[in-house]
Amino acid sequence: MTAADSRDPARQALDSTGQPAEAGVARQLSELAREMQADTTNEALLHRIVAAAVTEVPGARYAGITLVTGKNVSTPAATDELVERIGQIQYETGQGPCLDAAACHETVLSDDLRTEARWPRFARQTVDLGVLSMLSFQLFAGTETFGALNLYATSAAAFGPDSESIGVLLASHAALAMAAARTQEGLLAAMDSRDLIGQAKGILSERYKVTGVQAFGLLVVSSQNVNRKLREVAEHLVATGELLTSSS
Amino acid sequence: MSGTSAGFSLSDGWDLSGLTLAQLWLRYLAIGGSASKAQVAAYARGLGCPDSYEHNMIAQAINEHFLDRGEDHPVGYREIPSVP
């Protein structure tokens, strides 16, 4: 779809299958919602979301999801290799609309990268790849981790009000999917940590003939003495048999 | 032989940490806790905490957040044993 198409009310009224565009978006969103409840992997779901973005968001030619962790920028889902390249440019230049959407704002629009003054180095390199406008939506923002859904177009001013309203709906689905994935990762890490601490308590209970509660207390004392997390103290004990103390 | 360490109360430490209840609960589960999210919220606010064990697990969960930030253990413990 061209920029002119995206701004043409008659063109926007029907989607590529000849159905009303709003019905197409609603269908896509309900399918995505069902998939979130089904046994679909997070990776597959994010790929479905970026694929839906280029078919349903007026003006979008490419789409991708960007994760920023500290200084690292990654692209867990993209419709094209070009999207990953743009993510790499942001990483290399340390600037770009995805980083702004991720770090500062809910939505960032750049109508014409050829005249973009906010991220000049990023804009110049992205124009060289044939991308002239971008629209980014913040997915989540933590203390050190941010995520954004990014839409790209090969023409200037490709994104209109409809692009923002539909894009934000897809972004909310992506945000929920990523939150669920992060919760799952956190629970898996917690289970791993519990197991390790349980083993360490067992070792101390046997060694000192103390209860599990007292063994936990010994691990806490060790954590305080060496200023390290309980999991690390337990890991060291399980691996070496040594309970860390300040003099270890 | 056991003692109580000085420091912030659970409630003050939790407020200072900025942890959400979900984040606090996950940290508590990770070190072996088994109380529900609602129970952890109540215990951390000083309501109905059954014993020093539960208290110390919540204290440790909050303190590990401060450790991640390069700080020490600001929340106090109750009746912690000394190494035999």
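Residue numbers begin at 1 in each chain, while the letters A, B, ... track the order of the sequences. All figures in this text were calculated on a predicted structure; none of them were measured in a lab.
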Tightest non-hydrogen contact, residues A:S223 and B:H73, listed as OG-NE2, 2.9 Å
Which pair of heavy atoms, one from A:A190 and one from B:L26, lies closest together, and at what distance?
-> CB-CD1, 4.0 Å
Tell me the residues of residues 60-68 of chain B whose non-hydrogen atoms fall below 4.5 Å from those of chain A, in number order.
-> B:Q60, B:E64, B:L67, B:D68
Non-neighbouring partners of A:Y62 that pass ring pair (Phe, Tyr, Trp, His ring centres under 6.0 Å), sequence neighbours left out = none
Of all of A:L230, A:L219, A:D195, A:I197, which one pairs up most often with chain B through heavy atoms under 4.5 Å apart?
-> A:L230
Which atom names give the shortest non-hydrogen contact between A:S193 and B:A30, and what distance separates them?
-> OG-O, 2.6 Å
Under 4.5 Å, heavy atom to heavy atom: which of residues 35-58 of chain B reach chain A? Give them by number, or say none.
-> B:Y53, B:N56, B:M57
Chain B contact via A:L196 - side chain, backbone, both or neither, heavy atoms under 4.5 Å | neither
Heavy atoms of other groups near A:Q184 CD, more than 12 under 6.0 Å = no
Select one option (side chain, backbone, both, neither) describing which atoms of B:Q23 are under 4.5 Å from chain A's heavy atoms.
-> neither
Which residues share a salt bridge (charged side-chain N to carboxylate O under 4.0 Å, His left out) with A:E92, sequence neighbours left out = A:R85
Contacting moiety of A:R228, where chain B heavy atoms sit under 4.5 Å | backbone
Report the distance from atom NZ of A:K201 to atom CD1 of B:I31, rounding to the nearest 0.5 Å.
-> 9.5 Å
